[in-house]
Amino acid sequence: MIKNKILLSFDVEEFDLPREHGAEISLEEGIEVSAQGLERILKVLDRTSVKATFFCTGNFAAGRPDLIVRIVESGHEVACHGVDHFIPKSSDIEKSKEMVEKMAGVKVYGYRQPRMKKNNYNELKRCGYLYDSSVNPAYIPGRYNNSKMPRRPFMKNGIIEIP
């Protein structure tokens, strides 16, 4: 009998939506808002025995290492989502991996660029990532238009892209 498979992922970052609208929120407050949501998600997944991938920012991992460890200990995959969600930098691909791996105590193989921005596949490969999940094949006004991008996994410069 073949079991159904679910591909489920969550972005775990410091809550920064107020900053998009000119309101300041401290890093600590943003981390705690997201931590509350993550704890609820983990409870639901534990109850249903569903496993997921959690794309975590370095800021969140450093601020709540207990939750990063809980993700891993619950049998979920932890992956990277940059360092600072609001102001991503090109150096985040490498720095995020270092930060999240340190907190999680496991190797990280996946990456998702904050705000689903385009990624540097050569840098991902250099840093040891195996896959990327930064392409949302949709049109979101004011953000991006990826409506013509593939909806199935594809290879790009030796990295598997999972839309």
Side-chain angles (χ1 to χ4, degrees), residues 5-120 123-124 127-138 140 142-144 146 159-163:
K5 297 290 181 182
I6 298 172
L7 182 59
L8 183 63
S9 67
F10 297 92
D11 291 356
V12 181
E13 69 250 356
E14 55 284 3
F15 177 71
D16 63 358
L17 187 62
R19 294 178 76 188
E20 283 190 38
H21 302 284
E24 276 306 309
I25 182 171
S26 72
L27 177 60
E28 295 75 21
E29 185 179 3
I31 287 171
E32 285 313 305
V33 168
S34 293
Q36 291 172 19
L38 175 58
E39 288 172 338
R40 290 182 186 131
I41 289 167
L42 288 169
K43 285 179 186 174
V44 170
L45 295 177
D46 286 346
R47 264 197 326 268
T48 58
S49 299
V50 171
K51 301 301 177 197
T53 298
F54 290 86
F55 291 93
C56 304
T57 63
N59 279 345
F60 187 89
R64 289 300 303 266
D66 59 310
L67 288 176
I68 301 304
V69 169
R70 185 170 162 201
I71 289 168
V72 173
E73 288 179 349
S74 297
H76 303 289
E77 177 187 20
V78 67
C80 292
H81 191 43
V83 175
D84 182 293
H85 191 261
F86 192 68
I87 306 172
K89 298 180 179 88
S90 59
S91 60
D92 287 358
I93 291 173
E94 184 170 21
K95 188 173 181 185
S96 172
K97 193 170 200 306
E98 292 168 3
M99 293 174 78
V100 173
E101 284 182 346
K102 178 180 178 184
M103 300 304 162
V106 297
K107 292 289 275 175
V108 172
Y109 298 103
Y111 192 85
R112 178 176 287 158
Q113 189 72 288
R115 307 206 187 286
M116 308 297 267
K117 300 275 186 185
K118 291 186 179 184
N119 227 334
N120 181 335
E123 184 67 5
L124 288 169
C127 291
Y129 291 99
L130 300 178
Y131 74 91
D132 180 65
S133 186
S134 300
V135 171
N136 181 14
I140 299 187
R143 294 242 188 223
Y144 50 78
N146 294 329
I159 298 289
I160 301 168
E161 178 62 52
I162 304 172

**Q** Minimum heavy-atom separation for A61 to I68, with atom names?
**A**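 Residues A61 and I68, closest heavy atoms: CA-CG1, 3.6 Å.
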
**Q** Between G82 and D92, which heavy-atom pair has the shortest distance, and what is it?
**A**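 Reported closest heavy-atom pair: CA-CB, 4.0 Å.
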
**Q** Excluding sequence neighbours, so at least two apart, what forms side-chain hydrogen bond (donor to acceptor under 3.5 Å, both in side chains) with D132?
**A**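 Partners of D132 under the side-chain hydrogen bond (donor to acceptor under 3.5 Å, both in side chains) test: N119, S134.
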
**Q** How far apart are the closest heavy atoms of N146 and N136, and which atoms are they?
**A**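 For N146 and N136, the tightest heavy-atom pair comes out as CB-O, 3.0 Å.
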
**Q** Measure the CD-CD distance between E29 and E24 for me, rounded to the nearest 0.5 Å.
**A**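 Spacing of CD (E29) from CD (E24) equals 11.0 Å.
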
**Q** Please enumerate all residues that pass side-chain contact (heavy atoms from CB on, under 4.5 Å) together with E77, with sequence neighbours excluded.
**A**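 Per chain and number, E77 pairs via side-chain contact (heavy atoms from CB on, under 4.5 Å) with T53, Y131.
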
**Q** Would you mind reporting whether C56 and L67 have side-chain heavy atoms less than 4.5 Å apart?
**A**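 Not touching, per the 4.5 Å side-chain cut-off.
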
**Q** Who are the salt bridge (Lys or Arg N to Asp or Glu O under 4.0 Å) partners of E161, not counting sequence neighbours?
**A**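 E161: no salt bridge (Lys or Arg N to Asp or Glu O under 4.0 Å) contacts found.
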
**Q** Under the side-chain contact (heavy atoms from CB on, under 4.5 Å) rule, collect the residues that match up with D46, sequence neighbours excluded.
**A**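 Partners of D46 by the side-chain contact (heavy atoms from CB on, under 4.5 Å) criterion, ordered by chain and then number, come out as R70, S74, H76.
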
**Q** Excluding sequence neighbours, so at least two apart, what forms ring pair (Phe, Tyr, Trp, His ring centres under 6.0 Å) with F10?
**A**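 Testing F10 for ring pair (Phe, Tyr, Trp, His ring centres under 6.0 Å), a comparison that skips the adjacent residues, returns F54.
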
**Q** ring-ring contact (aromatic ring centres under 6.0 Å, His included): which pairs involve residues 30-52, sequence neighbours left out?
**A**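 Matches after skipping sequence neighbours: none remain.
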
**Q** Below 4.5 Å, heavy atoms only, C-beta onward: do I160 and L130 meet side chain to side chain?
**A**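 No. Closest side-chain heavy atoms not under 4.5 Å.
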
**Q** Could you list the residues that satisfy side-chain hydrogen bond (donor to acceptor under 3.5 Å, both in side chains) with Y109, not counting sequence neighbours?
**A**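 Y109 satisfies side-chain hydrogen bond (donor to acceptor under 3.5 Å, both in side chains) with no residue once adjacent residues are dropped.
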
**Q** Could you check V83 against M99 for side-chain contact (heavy atoms from CB on, under 4.5 Å), going step by step and ending with a plain yes or no?
**A** CA-CA 8 Å; V83 175; M99 293 174 78; 4.0 Å; yes

**Q** For R19, what residues pass the side-chain hydrogen bond (donor to acceptor under 3.5 Å, both in side chains) criterion, not counting sequence neighbours?
**A**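 If we apply the side-chain hydrogen bond (donor to acceptor under 3.5 Å, both in side chains) test to R19, skipping adjacent residues, there are no hits.
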
**Q** Below 4.5 Å, heavy atoms only, C-beta onward: do C80 and Y129 meet side chain to side chain?
**A**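 Side chain of C80 against side chain of Y129, heavy atoms only: contact under 4.5 Å found.
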
**Q** Which pairs with one or both residues in residues 97-112 pass salt bridge (charged side-chain N to carboxylate O under 4.0 Å, His left out), sequence neighbours excluded?
**A**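 Output for this query lists D11-R112, K97-E101.
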
**Q** Show the nearest heavy-atom pair for residues A62 and P65, with the distance to one decimal.
**A**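 Scanning both residues completely, I find the closest heavy atoms to be O-CD, 3.5 Å.
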
**Q** Heavy-atom distance under 4.5 Å between the side chains of N59 and H85, does that happen here?
**A**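 A side-chain contact is absent here, since even the closest heavy-atom pair is not under 4.5 Å.
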
**Q** Counting C-beta onward and ignoring hydrogens, is there a side-chain heavy-atom pair between T57 and E14 closer than 4.5 Å?
**A**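 T57 vs E14: side chains touch.
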
**Q** For V50, give me all partners under side-chain contact (heavy atoms from CB on, under 4.5 Å), at least two apart in sequence or on another chain.
**A**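 So V50 forms a side-chain contact (heavy atoms from CB on, under 4.5 Å) with I6, L8, L45, T48.
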
**Q** If every non-hydrogen atom of G58 is compared with every non-hydrogen atom of S96, which pair is closest and at what distance?
**A**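 In terms of heavy atoms, the two residues are closest at N-OG, 4.5 Å.
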
**Q** Taking side-chain contact (heavy atoms from CB on, under 4.5 Å) as the test, write out the residues that go with K117, two or more places apart.
**A**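 Applying side-chain contact (heavy atoms from CB on, under 4.5 Å) to K117 gives Q113, R115.
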
**Q** Please tabulate, for the side chains in residues 31-44, all donor-acceptor contacts under 3.5 angstrom to protein atoms that are two or more places apart in sequence or on a different chain.
**A**
from, atom 1, to, atom 2, distance (Å)
E32, OE1, R64, NH1, 3.0
E32, OE2, R64, NH1, 3.3
S34, OG, E13, O, 2.5
S34, OG, F15, N, 3.2
S34, OG, G30, O, 3.4

